[in-house]
Amino acid sequence: MRNSSGSKGTSRNGGNIYHHNRLFLVASPRTNKNQAPPPIEIAPIEVRNAVYQELMRRSPTLKYYSQLIDGPNGLLSRGLSESATENYGGLPRTQKERASLAHTLNKFIRVRFPEYARRSTRAALIGVPGFWQDEYHNLQLASPRDYSMPLLVVPYRDDRGRIQACQLRLHQNDLRTGEKRYRWLACPFPFQGASSGAPIHFTFKPVDLPPGKTVIITEGTLKADVLVSLRPKARVIATSGVGCSHAEIIEAVRDYNALIAFDADYRTNPAVARQLARLIAAREQDIAAHNLKTTTRIVTWQKYKGIDDALLANAPLETMTILQWISTLEGRPLQEVGRVWEEMGYRPSTAS
């Protein structure tokens, strides 16, 4: 969906649409006897927050200090302080250990939320993303596979500081071909657990930040947390990827001036440039629709991919207007930006 070459159009989430002529597999209501079960409803935020907090209390990063905190790829190397590492958790590397943790947390939820636990014939935890039951009704947590190293649990907090979902970071040695290092903590099989969705992450509470102040938008919760660790006065909102949750981001920053600080690979990756251009245009159109005086700027830097790495290396940051930013692009990334802005009917003004 990120490759625009040969596409037939653009979907509402900005992905490119393709028509595959040989995929005409139409199910007939008369022949399709095995209807898919309904999706499992996600647990209320109060339940999710309590379960994830308890998970990190029982399985903290400190338990896996040498693998998750210390060392060349640990949290300390990213720029976090020792105390900040307490905001994350660690999952044991084996399926058996994770199943045992799930069993303990299921007892916790039955005591803490008895009415919620009685709502279904399934295990009480099933509505919390990441927990599921196998064919023998045994509770499981995350993937059924064993890993060589523990997994880092990265919480995504809502605008009130509650944990609404989590991502997992795998060790480099555990990545299979084509796998991404970060993935949502969710059931790996359809209809056996609740979906996490793709929420955005707040490092602050908007109720405490007056309208007209400045908010930084970046990709990745860990990156946002590192940014705040290195620049404590920063107020940051993160999405899970450059193409994710644009509508939620725009609504969250509507009352604020926005500094967009996504990874610098937009300079060479046309698909990334396209998604960044979509967000810029949608944000500016939202400002116009609500007759606001807020501004949108792009933060740039050289040599490093992410703003966290740039700050850690004390690299200089530059804040650009939209017109200044587009003047730095060339080749296919520039073409993609122009294409998506034309599709969206957006043209940056001299004030942008």
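Just so it is clear, the model here is predicted, and its values are computed rather than measured. Residue numbers start at 1 and run along the sequence shown. Computed from heavy atoms alone, side chains included, the values below leave out hydrogens, waters and symmetry copies.
For Glu179, the CD atom counts as densely surrounded, since its 6.0 Å shell holds more than 12 non-hydrogen atoms of other residues, nucleotides or ligands. Surrounding CZ of Arg181 are more than 12 heavy atoms belonging to other residues, nucleotides or ligands, all under 6.0 Å away. Counted within 6.0 Å of CZ on Arg122, heavy atoms from surrounding residues, nucleotides or ligands total 12 or fewer; the atom is thus considered open. The 12-atom threshold is exceeded at CD of Gln285, counting heavy atoms of other residues, nucleotides or ligands nearer than 6.0 Å.
A salt bridge does not link Arg119 with Glu115: every distance from a Lys NZ or Arg NE/NH1/NH2 to an Asp or Glu carboxylate oxygen is 4.0 Å or more. Note on Glu97 versus Lys63: no salt bridge recorded, every NZ/NE/NH1/NH2 to OD/OE distance being 4.0 Å or above. Residues Glu46 and Arg112 are not paired through a salt bridge, judged by the lack of any N-O separation under 4.0 Å between the basic side chain and the carboxylate. Ion pairing between a basic and an acidic side chain is recognised when a charged N comes within 4.0 Å of a carboxylate O; Arg58 and Glu54 show such pairing.
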Listing, residues 305-319 side-chain donor-acceptor contacts under 3.5 Å, not counting sequence neighbours, or none:
unit_1, atom_1, unit_2, atom_2, d
Asp308, OD2, Arg78, NH2, 2.7

List, one per line, each side-chain donor-acceptor pair under 3.5 Å for residues 253-260, sequence neighbours excluded.
unit_1, atom_1, unit_2, atom_2, d
Arg254, NE, Asp286, OD1, 3.4
Arg254, NE, Asp286, OD2, 2.9
Arg254, NH2, Asp286, OD1, 2.9
Tyr256, OH, Pro206, O, 3.2
Tyr256, OH, Leu209, O, 2.9
Asn257, OD1, Thr295, N, 2.9
Asn257, OD1, Thr295, OG1, 3.2
Asn257, ND2, Gly212, O, 3.0

What's the verdict on side-chain contact (heavy atoms from CB on, under 4.5 Å) for Gln302 and Arg267, showing C-alpha distance, side-chain angles and the deciding distance? CA-CA 11 Å; Gln302 300 296 323; Arg267 297 190 182 101; 3.8 Å; yes
Check step by step if side-chain contact (heavy atoms from CB on, under 4.5 Å) holds for Gln275 and His246. CA-CA 9 Å; Gln275 296 297 342; His246 285 190; 4.0 Å; yes
Starting from the C-alpha separation in whole Å, work towards a yes-or-no answer on side-chain contact (heavy atoms from CB on, under 4.5 Å) for Phe131 and Ile109. CA-CA 12 Å; Phe131 298 90; Ile109 199 174; over 6 Å; no
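The backbone N or O of Ile163 lies less than 3.5 Å from a partner atom in the side chain of Asn49, making a donor-acceptor pair. Under the 3.5 Å distance criterion, the side-chain polar atoms of Glu219 are matched with a main-chain donor or acceptor of Asp263. A side-chain donor-acceptor contact under 3.5 Å links Ser59 to the backbone of Gly90. Between the side chain of Thr104 and the main chain of Ser100, a donor-acceptor pair closer than 3.5 Å is present. Ser77 places a side-chain N or O within 3.5 Å of a backbone atom of Pro72 that can act as its donor or acceptor partner. No donor-acceptor pair under 3.5 Å is formed between the side chain of Arg297 and the backbone N or O of Met320. Between the Thr61 side chain and the Ile69 main chain, no donor and acceptor come within less than 3.5 Å of each other. Listed for the Ser196 side chain is no donor-acceptor partner under 3.5 Å among the backbone atoms of Ala186. In this structure a side-chain-to-backbone donor-acceptor pair under 3.5 Å is present from Asp174 to Met149. With hydrogens and angles ignored, the 3.5 Å screen pairs a side-chain donor or acceptor of Ser229 with a backbone N or O of Gly79.
Trp132 belongs to a hydrophobic cluster whose other members, connected by ILVMFWY side-chain contacts under 4.5 Å either directly or through intermediates, are Phe189.
Between Ile42 and Arg48, some side-chain heavy-atom pair lies under the 4.5 Å cut-off. Residues Gln167 and Thr221 have side chains not in contact (no heavy-atom distance under 4.5 Å, counting atoms from C-beta outward). Counting heavy atoms from C-beta on, the side chains of Phe262 and Val272 never come closer than 4.5 Å. Looking only at side-chain heavy atoms (C-beta outward), Leu75 and Val226 stay at 4.5 Å or farther from each other. Side-chain contact between Trp341 and Ile326 is present, with at least one heavy-atom pair separated by less than 4.5 Å. Put simply, the side chain of Phe204 reaches to within 4.5 Å of the side chain of Val215, judged on heavy atoms. Inter-residue side-chain proximity for Met344 and Glu284 is flagged as unmet; no heavy-atom pair is nearer than 4.5 Å. By the 4.5 Å heavy-atom criterion applied to side chains, Tyr65 and Leu76 are counted as neighbours.
Minimum interatomic distance between Cys244 and Thr239 (heavy atoms only, all atoms of both residues): O-OG1, 2.8 Å. Closest approach of Ala224 and Thr203 over heavy atoms only: CB-CG2, 4.0 Å. Nearest heavy-atom pair across Trp184 and Ala198 is CZ2-CA, 3.6 Å. The two residues Thr214 and Arg235 come nearest to each other via the heavy atoms O-CB, 4.1 Å. Residue Gln133 comes nearest to Ala123 through the heavy atom pair OE1-N, 3.4 Å, listed as atom of the first residue, atom of the second, then distance. Of all heavy-atom pairs between Arg157 and Gly161, the closest is NH1-O, 3.0 Å.
Atoms CD and NE2, from Glu135 and His137 in turn, are 9.5 Å apart once rounded to the nearest 0.5 Å. In this structure, Tyr88 OH and Leu152 CG are separated by 8.0 Å, a value rounded to the nearest 0.5 Å. The distance from atom CG of Leu170 to atom CZ of Arg176, rounded to the nearest 0.5 Å, is 9.5 Å. Taking CG of Leu101 as the reference point, atom CD of Gln140 lies at 11.5 Å (rounded to 0.5 Å). How far CG of Leu105 is from CZ of Arg110: 13.0 Å, rounded to the nearest 0.5 Å. Remark: Leu125 CG to Asn106 CG distance equals 4.5 Å, nearest 0.5 Å.
Leu227 and Trp301 end up in the same hydrophobic cluster when Ile, Leu, Val, Met, Phe, Trp and Tyr side chains are linked at under 4.5 Å. The hydrophobic cluster containing Leu185 also contains Ile126, counting ILVMFWY residues as joined when their side-chain heavy atoms lie under 4.5 angstrom apart, directly or transitively. The same ILVMFWY cluster, assembled from side-chain heavy atoms under 4.5 Å apart, contains both Ile250 and Ile280. Cluster membership check: Ile200 does not share its hydrophobic cluster with Tyr52, using side-chain heavy-atom separations under 4.5 Å among Ile, Leu, Val, Met, Phe, Trp and Tyr. One hydrophobic cluster, built from ILVMFWY side chains closer than 4.5 Å, cannot hold both Ile237 and Ile216; they sit in different ones.
For the residue pair Asn73/His171, the side-chain donor-acceptor check at 3.5 Å is not satisfied. Side-chain contact check for Gln95 and Arg98: no donor-acceptor pair (N or O, by modelled atom type) lies under 3.5 Å. No side-chain N or O of Gln164 forms a donor-acceptor pair with one of Asp158 less than 3.5 Å apart.
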